Amino acid sequence: MKKIKKIFVLLLMAFFLTGCVNVETNMDITLNKKMYFTIKMTLDKSLLEGDDIYKDELLDNKQKEKLINDGFEIQKYETDEYIGNIISKEFDNIDYLSSPDDINYDLASVIENPLSTAYIFKVEKHFLKNKYYAKYDLSNYAQDNIYSFDFKVTLPNKALKNNASSIEEDGKQLIWNIGYKNEPIEFEFELYNIINVVAVGLTGLIILLIITYLLFAIFGKKIKPKKKKVKKVKDPDVDEGYHPRFIMPEQNYNDDEDDD
């Protein structure tokens with residue numbers, strides 16, 4: 001559970017860094033329930049003072065080592081104007097991050113109580129598809145250190161409900177431009193249980209093939225067309241009494257007379 005918590009620990013790292021930090025968070029959920037989670041944290045170089053002007057990224061070695069041990073990938077980000085880090089991780093199945101209980105996740109609680117629940121989705125499980133609810137409380141995050149905070153969610157299907165600042169890709173991409181607002185992030189979506197759907201499809205196909213075979217076996221002979229008898233027409237030039245077995249060898253009477 002602690003490893004899963006690092007998703008939002010990373011967010012709060014950005015919130016408590018000194019200076020005005022730009023945070024771009026991407027949550028990309030696929031049809032097979034995988035989730036690619038990425039956080040891009042950048043800082044304007046013009047805001048650096050003193051020893052900080054030599055920085056080329058935001059995370060120190062201790063923070064990076066801990067995150068790498070927990071399975072995160074870390075990249076250094078630097079342009080002429082900004083420095084920062086891009087932190088990412090792939091999660092195999094969001095069901096491992098889901099609970100049947102109501103979720104109202106307070107992002108600040110990760111720092112205050114790291115042993116609290118790690119679930120970030122509420123799920124209603126059904127055989128063919130599940131419904132997921134997300135609600136992330138932003139009321140307690142450190143706003144003074146955030147210059148901008150964008151939260152983007154990309155779904156394989158159109159979201160059922162959301163309070164996003166903007167919606168793109170026919171409702172599949174939700175974007176929150178948080179700024180200094182403290183309203184929670186909320187969205188709902190559905191995902192099919194692919195294994196169950198495939199199992200139902202294969203079962204239906206097998207049943208259909210069996211029924212087709214039985215119908216053919218039962219009714220196939222009855223509907224089989226009868227062969228028509230073709231009446232034989234006699235050929236006037238053919239002697240029906242003729243058969244090669246009854247051909248008598250031709251006798252040469254001249255030879256017999258000579259022998260006498």
Side-chain angles (χ1 to χ4, degrees), residues 4-17 19-44 58 72-75 77 79 81-91 93-94 97-98 102-110 119-123 129-192:
I4 298 174
K5 285 178 182 301
K6 294 302 185 296
I7 296 173
F8 291 113
V9 170
L10 294 176
L11 283 174
L12 291 200
M13 281 182 180
F15 296 163
F16 289 103
L17 285 171
C20 293
V21 179
N22 303 292
V23 180
E24 298 177 17
T25 303
N26 291 281
M27 182 184 288
D28 189 353
I29 300 173
T30 66
L31 195 61
N32 59 358
K33 298 185 181 182
K34 285 189 175 182
M35 184 175 77
Y36 301 90
F37 195 88
T38 304
I39 299 175
K40 178 181 176 182
M41 302 182 300
T42 60
L43 181 64
D44 193 327
L58 295 181
F72 288 87
E73 295 182 3
I74 301 174
Q75 295 176 289
Y77 178 86
T79 65
E81 298 179 353
Y82 295 95
I83 63 168
N85 289 99
I86 298 176
I87 307 147
S88 60
K89 185 173 181 179
E90 175 184 336
F91 295 85
N93 194 324
I94 65 169
L97 310 175
S98 305
D102 288 335
I103 300 296
N104 184 13
Y105 200 93
D106 182 359
L107 296 183
S109 69
V110 181
Y119 297 120
I120 61 175
F121 299 109
K122 176 187 175 182
V123 61
K129 62 182 177 180
N130 298 342
K131 181 182 286 188
Y132 299 88
Y133 305 82
K135 185 174 182 180
Y136 307 142
D137 188 0
L138 299 173
S139 59
N140 295 322
Y141 80 84
Q143 297 177 345
D144 294 339
N145 290 333
I146 296 296
Y147 180 73
S148 68
F149 176 26
D150 295 335
F151 192 98
K152 182 169 72 175
V153 174
T154 303
L155 302 169
N157 304 308
K158 182 179 180 180
L160 301 177
K161 293 181 181 179
N162 69 88
N163 65 343
S165 305
S166 59
I167 302 172
E168 299 179 2
E169 302 294 334
D170 296 326
K172 298 178 182 179
Q173 191 172 88
L174 313 175
I175 302 172
W176 287 262
N177 305 116
I178 306 298
Y180 289 97
K181 297 179 181 179
N182 57 9
E183 297 177 358
I185 294 172
E186 295 184 81
F187 59 98
E188 299 177 11
F189 60 98
E190 290 180 326
L191 289 179
Y192 282 95

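Numbers here simply count residues along the sequence, with the first being 1. Being a predicted model, the structure only gives us computed values, none of them experimental.
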Q: Mind checking the OH-CZ spacing from Tyr132 to Phe189? Nearest 0.5 Å is all I need.
A: 6.5 Å
Q: Look up atom CG in Leu58 and atom CD1 in Ile83, then write down how far apart they are to the nearest 0.5 Å.
A: 5.0 Å
**Q.** Non-hydrogen side-chain atoms of Pro156 and Thr30 separated by less than 4.5 Å
**A.** no
**Q.** Geometric cation-pi criterion Lys89 and Phe37, 6.0 Å radius, 45° cone
**A.** no
Q. What pairs with Asn93 under side-chain hydrogen bond (donor to acceptor under 3.5 Å, both in side chains), at least two apart in sequence or on another chain?
A. none
(Q) Using side chain to side chain contact (heavy atoms under 4.5 Å, CB included), reason through Asn26 and Thr154 one step at a time and then give a plain yes or no. (A) CA-CA 8 Å; Asn26 291 281; Thr154 303; 5.8 Å; no
Q. What are the two closest non-hydrogen atoms of Gly171 and Ile167, and how far apart are they?
A. CA-CG2, 3.4 Å
Q. So how far is it from Thr25 OG1 to Ile185 CD1, rounded to the nearest 0.5 Å?
A. 8.0 Å
Q: Measure up the Phe187 and Trp176 rings against each other and bin them: parallel (under 30°), tilted (30 to 60°), perpendicular (over 60°).
A: tilted
(Q) Under the salt bridge (Lys or Arg N to Asp or Glu O under 4.0 Å) definition, can you give me all pairs with a residue in residues 23-42, not counting sequence neighbours? (A) Lys33-Asp95, Lys34-Glu90
**Q.** Partners meeting side-chain contact (heavy atoms from CB on, under 4.5 Å) with Glu186 (sequence neighbours left out)
**A.** Lys135, Asn163, Pro184
Q | Pairing residues for Lys129 by the salt bridge (charged side-chain N to carboxylate O under 4.0 Å, His left out) criterion, not counting sequence neighbours | A | Glu190
(Q) For Lys152, give me all partners under salt bridge (charged side-chain N to carboxylate O under 4.0 Å, His left out), at least two apart in sequence or on another chain. (A) none
Q. What pairs meet the salt bridge (Lys or Arg N to Asp or Glu O under 4.0 Å) rule with one or both residues in residues 163-173, with sequence neighbours excluded?
A. none
(Q) Atom OH of residue position Tyr192 - does it have more than 12 heavy atoms of other residues, nucleotides or ligands inside 6.0 Å? (A) no
Q: Let me see the working for Tyr133 and Ile103 under side chain to side chain contact (heavy atoms under 4.5 Å, CB included), right down to the final yes or no.
A: CA-CA 8 Å; Tyr133 305 82; Ile103 300 296; over 6 Å; no
**Q.** Least distance between heavy atoms, Asn162 atom then Ala164 atom
**A.** OD1-N, 3.0 Å
Q. In a check of side-chain contact (heavy atoms from CB on, under 4.5 Å) between Met27 and each of Val153, Ile94, Thr38, Ile39, which one passes?
A. Val153
**Q.** Pairwise distance CD1(Ile120) to CZ(Phe91) - rounded to 0.5 angstrom
**A.** 7.0 Å
Q: State the CD1-CG distance between Ile29 and Leu31, to the nearest 0.5 angstrom.
A: 11.5 Å
Q.
How long is the straight-line distance from CG of Asn177 back to CZ of Phe151, given to the nearest 0.5 Å?
A. 12.5 Å
Q) Tyr77 versus Asn85: any side-chain heavy-atom pair under 4.5 Å? A) no
